Student: 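There's a structure below that I have some questions on.
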Amino acid sequence: MKSEKAKTNQVSRKGHVALYVGKEKKRYEVPVKYLLHPSIQKLIIKSQHGDLETKIDGPMELECKAQFFDDLLILVKEYDRSEAPRLFQRCLDFFC
């Protein structure tokens, strides 16, 4: 079984960033371009308690349920930028 430190030292694939989601810190590798999506940015800002850093130093942790993040990733892939934030604004407030 890997230690918690070993899990966070994994290298992400090229063009991807590691995100750890929820209390269980489920690891996701998402394309860097997803960080530009307004819904993902809101989650990052909320998880950073309003302090968004421009430099990524290590893995980012998001304070939401993994199931919610799974659903968000589906929508980020399927919808354009104008639709996903509108659909998820209420969900961000409710689940995260």
Side-chain angles (χ1 to χ4, degrees):
M1 188 164 148
K2 295 180 182 179
S3 71
E4 195 66 32
K5 185 168 182 143
K7 287 181 186 178
T8 60
N9 284 336
Q10 294 177 8
V11 176
S12 297
R13 296 175 288 158
K14 184 176 181 176
H16 290 71
V17 63
L19 300 174
Y20 291 84
V21 177
K23 292 179 182 177
E24 67 275 8
K25 295 188 178 10
K26 183 177 176 183
R27 187 175 198 275
Y28 292 83
E29 282 189 20
V30 299
V32 172
K33 68 180 180 179
Y34 285 11
L35 299 181
L36 298 175
H37 195 279
S39 295
I40 303 265
Q41 287 180 357
K42 287 178 184 179
L43 274 176
I44 293 169
I45 290 168
K46 186 169 184 147
S47 297
Q48 299 297 322
H49 307 289
D51 185 29
L52 183 60
E53 294 289 329
T54 56
K55 181 182 176 193
I56 299 172
D57 187 24
M60 290 188 284
E61 295 181 10
L62 301 180
E63 295 176 357
C64 68
K65 295 181 180 185
Q67 182 60 52
F68 173 78
F69 193 70
D70 289 336
D71 294 341
L72 178 60
L73 287 178
I74 290 168
L75 287 176
V76 168
K77 290 175 187 176
E78 293 179 2
Y79 293 99
D80 64 53
R81 288 182 161 187
S82 63
E83 293 181 64
R86 188 174 64 239
L87 294 173
F88 270 99
Q89 182 57 47
R90 290 180 295 174
C91 293
L92 286 173
D93 294 335
F94 183 76
F95 288 111
C96 299

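For clarity, every value in this text was computed on a predicted model and none was experimentally measured.
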Student: Output the distance between atom CG (Leu75) and atom NZ (Lys77), rounded to the nearest 0.5 Å.
Tutor: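 So the gap between those two atoms works out to 11.0 Å.
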Student: Got a salt bridge between Lys46 and Glu63, using NZ or NE/NH1/NH2 to carboxylate O under 4.0 Å?
Tutor: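 No, Lys46 and Glu63 are not salt-bridged.
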Student: Step by step, would you call Phe69 with Leu43 a side chain to side chain contact (heavy atoms under 4.5 Å, CB included)?
Tutor: CA-CA 9 Å; Phe69 193 70; Leu43 274 176; 4.0 Å; yes
Student: So, Gln41 side chain and Leu35 main chain: donor-acceptor pair closer than 3.5 Å or not?
Tutor: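 Yes, because the side chain of Gln41 sits within donor-acceptor range (under 3.5 Å) of the backbone of Leu35.
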Student: NZ/Lys65 to NZ/Lys26 distance, rounded to the nearest 0.5 angstrom?
Tutor: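 Between Lys65 NZ and Lys26 NZ, I get 14.0 Å after rounding to 0.5 Å.
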Student: Rounded to the nearest 0.5 Å, what's the gap from CG on Leu72 to SG on Cys64? Could you check?
Tutor: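 Between Leu72 CG and Cys64 SG, I get 7.5 Å after rounding to 0.5 Å.
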Student: Answer whether the closest heavy-atom distance between the side chains of Leu73 and Tyr28 falls below 4.5 Å.
Tutor: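 Side chain of Leu73 against side chain of Tyr28, heavy atoms only: contact under 4.5 Å found.
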Student: Going by ring-ring contact (aromatic ring centres under 6.0 Å, His included), name the residues that satisfy it together with Tyr34, two or more places apart in sequence or in a different chain.
Tutor: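 So Tyr34 forms no ring-ring contact (aromatic ring centres under 6.0 Å, His included) with any residue.
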Student: Check side-chain contact (heavy atoms from CB on, under 4.5 Å) between Glu29 and all other residues, then give those that pass, not counting sequence neighbours.
Tutor: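 Applying side-chain contact (heavy atoms from CB on, under 4.5 Å) to Glu29 gives Ser12, Arg13, His16, Arg27.
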